[in-house]
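One structure is given below, encoded as structure tokens.
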Amino acid sequence: CLLSRGLGDVYKRQVMKNAGRAHMGVGTASGREKAEQAATAAVSSPLLETSINGATGVLVNQQEPAPDADTATLCEHASALFMTAINGTQNALSPQAVEQAVALLHSARQVFCMGQGGSMAAANEICARFACITNKFRAVADSHMQVMAASLMTEQDVVLFVSYSGATRDLIETLRTAKANGAKVILITHYEDSPGAKLADLVLLCGAQESPLDSGSIPIKVAVLYVAEVLVLRYILDDKPGSTEAQERTTEALAVKLL
């Protein structure tokens, strides 16, 4: 399920690529469950001449809350945004790509977590999440420091870069430098045909939609962290004894800090 703020997204290759036959339905509802009820009404509309059975995704155009919307409506709207971001990412994320990415992370000497702006906040969270099981992860926030770190990388290093667009100047400069030194690149992005994706060894897709006016939206960050959590779980299970020992040691180290 993909959420779009503008019908122009219907024409993007990232949304409709290889989609086959498309259906369009309209649904309306009111009350606390209106988002789910409206979506159900749209996909079961009598105006649809054929069934949507077997469909692999749904593109939803959800209206913004009215200016006079009450707080309960805003809570429901926010919930729909988060659920749609997670569902869209779950549908877009390739399990095989996750497994290949984790294999690179396990074999790496160092893993550099990078991003810009709001994406760097997500990269920091990814680094912190892995910190309880390994000390090979490090976050590099400044764009100058990123390219400097990339210039000193070797074939044993991995870059884990978070970029929703996959198309910023600093991203491209850093990835080109890292690749020139033999480092592997894992990119978490929404656009599989972006310039950054073309430089990456592995692309992990975030299916959540973000409009140009919503840069830095929290549901997008949650979708990225969903991808990160899948990576962490796979990483732990692929080395259960080592991960368990590391978690026990880090937990013991933190225990003395609790009151």
Side-chain angles (χ1 to χ4, degrees), residues 1-6 8-20 22 55-61 80-105 111-127 129-130 158-168 171-172 174-175 178-179 184-212 214-235:
C1 182
L2 302 177
L3 177 67
S4 171
R5 299 277 172 74
D9 283 342
V10 172
Y11 304 103
K12 290 183 179 179
R13 284 190 298 161
Q14 290 75 19
V15 177
M16 301 298 287
K17 183 178 180 181
N18 300 323
T56 58
V58 178
L59 178 66
V60 179
N61 183 61
L81 292 178
F82 279 92
M83 292 304 299
T84 303
I86 294 294
N87 290 336
T89 301
Q90 183 179 10
N91 290 335
L93 187 61
S94 165
Q96 182 180 12
V98 169
E99 293 168 359
Q100 294 173 341
V102 170
L104 287 180
L105 297 178
V111 179
F112 296 83
C113 300
M114 301 180 179
Q116 275 108 34
S119 293
M120 188 61 225
N124 280 326
E125 288 294 332
I126 295 173
C127 185
R129 182 69 177 91
F130 273 99
V158 170
V159 176
L160 179 57
F161 212 107
V162 180
S163 175
Y164 181 84
S165 69
T168 66
L171 160 73
I172 300 303
T174 298
L175 295 194
K179 294 287 290 182
K184 300 296 184 183
V185 174
I186 301 170
L187 178 66
I188 301 178
T189 185
H190 178 67
Y191 297 102
E192 61 181 336
D193 59 353
S194 63
K198 293 176 181 178
L199 289 170
D201 295 281
L202 286 170
V203 175
L204 302 177
L205 290 177
C206 167
Q209 294 283 322
E210 179 179 69
S211 76
D214 271 338
S215 178
S217 73
I218 296 177
I220 294 297
K221 293 183 177 64
V222 169
V224 170
L225 294 179
Y226 168 85
V227 175
E229 186 65 14
V230 174
L231 287 174
V232 171
L233 294 175
R234 183 73 272 166
Y235 189 100

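Position 1 is the first residue of the sequence, and the numbers go up from there.
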**OP:** Measure the CD1-CG distance between Ile86 and Asn91 for me, rounded to the nearest 0.5 Å.
**Re:** 11.5 Å

**OP:** Indicate the atoms forming the closest heavy-atom contact of Lys184 with Asp201, along with that distance.
**Re:** CA-OD2, 3.2 Å

Original post:
Of all heavy-atom pairs between Gly166 and Leu171, which one has the smallest distance, and what is that distance?
Top reply: C-CD2, 3.3 Å

Subject >> Closest heavy-atom pair and its distance - Leu187, Gly196 >> reply: CD2-C, 3.5 Å

Subject >> Least distance between heavy atoms, Leu225 atom then Ala122 atom >> reply: CD2-O, 4.0 Å

Original post:
Say you draw a straight line from CD1 of Ile126 to CZ of Arg129; how long is it, rounded to the nearest 0.5 Å?
Top reply: 11.5 Å

Subject >> Name of the residue among Val222, Leu93, Val224 meeting side-chain contact (heavy atoms from CB on, under 4.5 Å) with Cys206 >> reply: Val224

**OP:** Look at the aromatic rings of Tyr191 and Tyr164 and report parallel, tilted or perpendicular, splitting at 30° and 60°.
**Re:** perpendicular

Original post:
OG1 of Thr89 to NE2 of His190: how many Å apart, nearest 0.5 Å?
Top reply: 9.0 Å

Original post:
Are Val203 and Ile186 side-chain neighbours, meaning at least one heavy-atom pair lies under 4.5 Å?
Top reply: no

Original post:
Of all heavy-atom pairs between Ser165 and Ser194, which one has the smallest distance, and what is that distance?
Top reply: O-CB, 3.4 Å

Original post:
Phe161 and Phe112: aromatic ring centres closer than 6.0 Å?
Top reply: no

Original post:
Say you draw a straight line from CZ of Arg234 to CD of Glu229; how long is it, rounded to the nearest 0.5 Å?
Top reply: 13.0 Å

Original post:
Excluding sequence neighbours, so at least two apart, what forms ring pair (Phe, Tyr, Trp, His ring centres under 6.0 Å) with Phe130?
Top reply: Phe137, Tyr235

Subject >> Closest heavy-atom pair and its distance - Ala85, Ala223 >> reply: O-CB, 3.9 Å

Original post:
In Å, rounded to the nearest 0.5 Å, how long is the span from CG of Leu204 to CD of Gln100?
Top reply: 9.5 Å

**OP:** For Val159 and Met114, run side-chain contact (heavy atoms from CB on, under 4.5 Å): C-alpha distance rounded to whole Å, both residues' side-chain angles, the deciding distance at 0.1 Å, then the answer.
**Re:** CA-CA 7 Å; Val159 176; Met114 301 180 179; 4.1 Å; yes

Original post:
Are the side chain of Thr189 and the backbone of Ser163 linked by a donor-acceptor contact shorter than 3.5 Å?
Top reply: yes

**OP:** Could you walk me through whether Val185 and Leu199 pass the side-chain contact (heavy atoms from CB on, under 4.5 Å) test, one step at a time?
**Re:** CA-CA 8 Å; Val185 174; Leu199 289 170; over 6 Å; no

**OP:** Give, for atom CD of Glu192 and atom CG of Leu205, the distance between the pair rounded to the nearest 0.5 Å.
**Re:** 5.5 Å

